[in-house]
Amino acid sequence: MGDGTILIDVDGVSKSFGDLRAVDQVSFQVAEGQIFGIAGPNGSGKSTLFNIVTGIPFRPDSGKVRFAGREIQGLRGHEIAQAGLARTFQRETSFDSLSVFENALLGVTYGLGQRGAAARRDAVAEALAFTGFSDADFDLPAAALSVYQRKCLMLASALAMQPRMLLLDEPASSLTRPEIETTITLIRQIAARGVTILLIEHVLALLLTLSEHLLVLNQGQILAEGTPDEVVKNPLVIEAYLGRRKQAAA
Ligand SMILES: Nc1ncnc2c1ncn2[C@@H]1O[C@H](COP(=O)(O)OP(=O)(O)OP(=O)(O)O)[C@@H](O)[C@H]1O
């Protein structure tokens, strides 16, 4: 945990698709070094919130995002990455015909800007090793990877950008229980390096285990916020999650 300095200040951001307000006036702040979780039922706006914070693939319609004191909501995706904010995606994104190393190198080219070729390659090798790839894996085509390894590759690509803040979109989806345990350990190790983490996850066990602070979205708006203990006891949260499940079971 850092010293409480605010690293990102999301201030009243909104994004609509036609008549649908996918993210509606959402505000929150994340302190440097914190692991901050975002929960919410399907379609509540979690990924859209990530998209507008990172500028990938779109910006907010309104609202401000200040990162390390600088307004970034008008910047393009690569400029935001170069400011120190990297992300992973819900679906595994890799180019099947490229090798593991080449895939991660592409991300670094996007996120490390003018850094020299040798520094980029070093950053990629270090990030791949950190996420569990051996040197022998570097030349494998991404097509040969398992779902878990693809997630590790996406994580390595983001880490190789040497971000100050990492946004993880459902890092545990489609993983087995042992793989989820390894992912939890990895995320803790990343945080221990001083990287601030913003985490979206459906696997509540992971979210509750890792998050120091939790925000719950529902229909694009903040439903609840607090420590994981406080949030899981909140009747509005129980209704939003379990109410739907009860309806589905009926
Ligand atoms: N590019 C888009 N065009 C149109 N509608 C979109 C687009 N992206 C998201 N939406 C809609 O915005 C709402 C919020 O979606 P979003 O993917 O942000 O939710 P989520 O909380 O991440 O959901 P999930 O947990 O299922 O991933 C949904 O109703 C979704 O259908």
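Positions are given from 1, in the same order as the sequence printed here. Every number for a ligand or one of its atoms is a count from 1 in the order of the listing.
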Looking at ligand 1, does any of its N/O atoms fall within less than 3.5 Å of an N/O of Gly43? yes
Whether Pro41 lies under 4.0 Å from ligand 1, heavy atom: yes
Close-contact set for ligand 1 against His202 heavy atoms, below 4.0 Å: 24 (P), 25 (O)
Among all the protein's non-hydrogen atoms, which is closest to atom 2 (C) of ligand 1, and how far away is it? Phe17 CE2, 3.4 Å
Going by a strict under-4.0 Å cutoff (protein heavy atoms only), does atom 31 (O) of ligand 1 have a neighbour on the protein? no
Heavy atom of the protein closest to atom 22 (O) of ligand 1 (residue, atom name, distance): Ser47 N, 2.8 Å
Which option, Leu20, Thr48, Ile38, owns the non-hydrogen atom nearest atom 11 (C) of ligand 1? Leu20
Could you check atom 26 (O) of ligand 1 against the protein and tell me its nearest heavy-atom contact, residue, atom and distance included? Asn42 OD1, 3.3 Å
Would you say Glu179 and Thr182 are linked by a side-chain donor-acceptor pair, where the criterion is simply a distance under 3.5 Å? no
Quick one: sort the Phe58 and Phe17 rings into parallel, tilted or perpendicular, breaks at 30° and 60°. perpendicular
Can you tell me if Ser44 has a non-hydrogen atom under 4.0 Å from ligand 1? yes
Gly45 N/O under 3.5 Å from ligand 1 N/O: yes
Side-chain donor-acceptor contact under 3.5 Å, Asn51 with Arg87: yes
How far is atom 27 (O) of ligand 1 from its nearest protein heavy atom, and which residue and atom is that? Gln90 NE2, 3.2 Å
Side chains of Pro41 and Asn218 in contact at under 4.5 Å (non-hydrogen atoms): yes
I'd like to check Leu155 versus Pro171 (side-chain heavy atoms, cut-off strictly below 4.5 Å). Are they in contact? no
Among protein heavy atoms, which lies nearest atom 21 (O) of ligand 1, and at what distance? Lys46 NZ, 2.8 Å
Salt bridge or not between Arg70 and Asp9? Use side-chain N to carboxylate O under 4.0 Å. no
Ion pair check, Arg164 and Glu32, cut-off under 4.0 Å: yes
State whether a side-chain donor-acceptor pair under 3.5 Å links Ser174 with Lys151. no
